[in-house]
There are 2 protein chains.
Amino acid sequence: MATATQAPRHPAGLAQKLADSGLRSTPQRELVYDVLLTKRDHPTADEVFARVKPELPGISLATVYNCLETLVQCDLVRAVNFERGPTRYCPNLRPHAHFHDEVTGQTHDVDLPETLFAKLKSELPPGFDANAVEITFRGKAQSSAN
Amino acid sequence: MATATQAPRHPAGLAQKLADSGLRSTPQRELVYDVLLTKRDHPTADEVFARVKPELPGISLATVYNCLETLVQCDLVRAVNFERGPTRYCPNLRPHAHFHDEVTGQTHDVDLPETLFAKLKSELPPGFDANAVEITFRGKAQSSAN
DNA sequence: CTTGCACCTTAGAATCATTCCAATTTGTTG
DNA sequence: CAACAAATTGGAATGATTCTAAGGTGCAAG
């Protein structure tokens with residue numbers, strides 16, 4: 001069998017994180033996570049399905065949805081939504097914003113200083129207690145590097 | 001005919017704004033807009049439909065969708081999305097953020113200083129040109145006044 | 001081991017919001 | 001009034017996601 005190119009690309013934290021939640025590590029979950037880490041272009045469930053299928057031809061779309069949901073529950077992946085479009089998935093765990101390119105339809109991560117998120121929460125009127133902030137930009141990006 | 005209670009609640013700018021876009025003012029459009037202005041609780045299309053129907057029993061859901069879309073096009077109303085839930089509609093045109101109460105499911109407007117929006121855009125890396133920013137909080141609100 | 005059982009995966013049906021479509025209705029303009 | 005464009009309508013169609021029921025899988029206790 002081939003070797004080098006098949007090694008798991010993720011930091012092996014998956015099995016652990018899953019176990020922490022009383023869940024099992026399965027080939028499907030590993031592969032879905034791998035696919036997200038390998039090409040971080042915020043794929044939809046369908047896109048993940050397409051990327052995963054060649055390696056695991058028997059996998060079903062329902063399972064891809066299940067795996068993605070599981071990864072989100074375990075805080076290994078974030079679900080990203082934009083205007084009723086299909087949900088996209090992002091393995092970037094640092095707090096960051098998203099930029100939606102209106103021309104290409106691509107989604108880019110935008111790192112913002114941690115202080116900004118704090119500042120935003122501090123602007124809330126009294127009585128509002130936020131445990132998450134989401135920031136989304138829409139516009140045009142000089143899509144050079146891709 | 002009755003008078004006081006039936007007077008249009010909106011600032012009569014509707015017909016004008018529509019005309020600006022080469023569109024007609026219709027009873028359906030007026031009423032949908034009225035409903036949004038009257039109870040600013042970010043209703044879904046279904047909810048708007050329910051509120052509009054008693055006054056115009058023949059109206060169809062498709063028309064409500066059409067009217068809402070038209071109002072959004074004319075910049076009289078904003079469409080607000082949260083995690084793949086049904087689109088909600090908001091006649092507040094000032095730049096503001098939204099707070100989603102995880103307990104009640106309600107959506108609240110949150111006014112933020114204009115400078116914050118500017119600051120956010122200025123944080124974008126070079127090459128990114130945003131023409132809109134969306135800020136969404138999720139958390140718990142002391143739902144007192146409603 | 002081998003049986004039990006909880007967890008997983010699977011295919012396909014079901015759901016839900018929204019959009020599309022083709023047929024009327026309405027309004028305006030010549 | 002006639003002709004045409006813009007709007008509305010009900011129902012069918014779409015697309016993403018979730019549900020359901022039926023098999024797999026794999027560890028754990030005996």
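Letters go in sequence order (proteins before strands), and every chain restarts at 1. Heavy-atom basis, side chains included; hydrogens, waters and symmetry copies ignored.
Between the side chain of B:E30 and the backbone N or O of B:P27, no donor-acceptor pair lies under 3.5 Å.
Counted within 6.0 Å of NZ on B:K140, heavy atoms from surrounding residues, nucleotides or ligands total 12 or fewer; the atom is thus considered open.
Taken to the nearest 0.5 Å, the CG atom of A:L76 stands 5.5 Å off from the NZ atom of A:K17.
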Report task. Please assess B:R40 against B:D109 for the test side-chain contact (heavy atoms from CB on, under 4.5 Å), listing each intermediate value before the final yes or no. Result -> CA-CA 9 Å; B:R40 295 158 164 263; B:D109 283 357; 5.8 Å; no
Requested in this report: Could you give me the CA-CA distance, side-chain angles and deciding distance for A:T70 and A:L18, then say whether side-chain contact (heavy atoms from CB on, under 4.5 Å) is met?
Outcome: CA-CA 9 Å; A:T70 298; A:L18 286 168; 3.8 Å; yes
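Protein chain B touches strand DNA chain D; the 5'-most and 3'-most nucleotides with an atom under 4.0 angstrom of its non-hydrogen atoms are D:dA5 to D:dT17.
The distance between atom CD of A:Q73 and atom P of C:dC7, rounded to the nearest whole Å, is 15 Å. If you measure from atom CG of A:L31 to atom P of C:dT10, you get 11 Å, rounded to the nearest angstrom.
Under the side chain to side chain contact (heavy atoms under 4.5 Å, CB included) rule, A:R29 has a single partner from A:V32, A:T26, A:L31, which is A:T26.
Legend: residues meeting side chain to side chain donor-acceptor pair (under 3.5 Å) with B:T63, ordered by chain and number and at least two apart, are B:S60. Residues passing the ring pair (Phe, Tyr, Trp, His ring centres under 6.0 Å) test with A:F49: none are found, sequence neighbours excluded.
Note: B:F82 and B:H100 have parallel aromatic rings, judged against thresholds of 30 and 60 degrees for the angle between ring planes.
Applying the side-chain hydrogen bond (donor to acceptor under 3.5 Å, both in side chains) test to every pair with at least one member in residues 110-119 of chain B, sequence neighbours left out, gives these pairs: B:R94-B:D111.
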Report summary line: Each nucleotide of nucleotides 14-20 of chain C classed B (base within 4.0 Å of a protein heavy atom), S (only sugar-phosphate) or -, in 5' to 3' order, makes ---SBBB
Polar atom pairs (N or O), protein with nucleotides 27-30 of chain C, under 3.5 Å:
none

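Among the heavy atoms of the strands lying under 4.0 Å from A:T26 are primed sugar atoms or P, OP1, OP2 only; no base atom is included.
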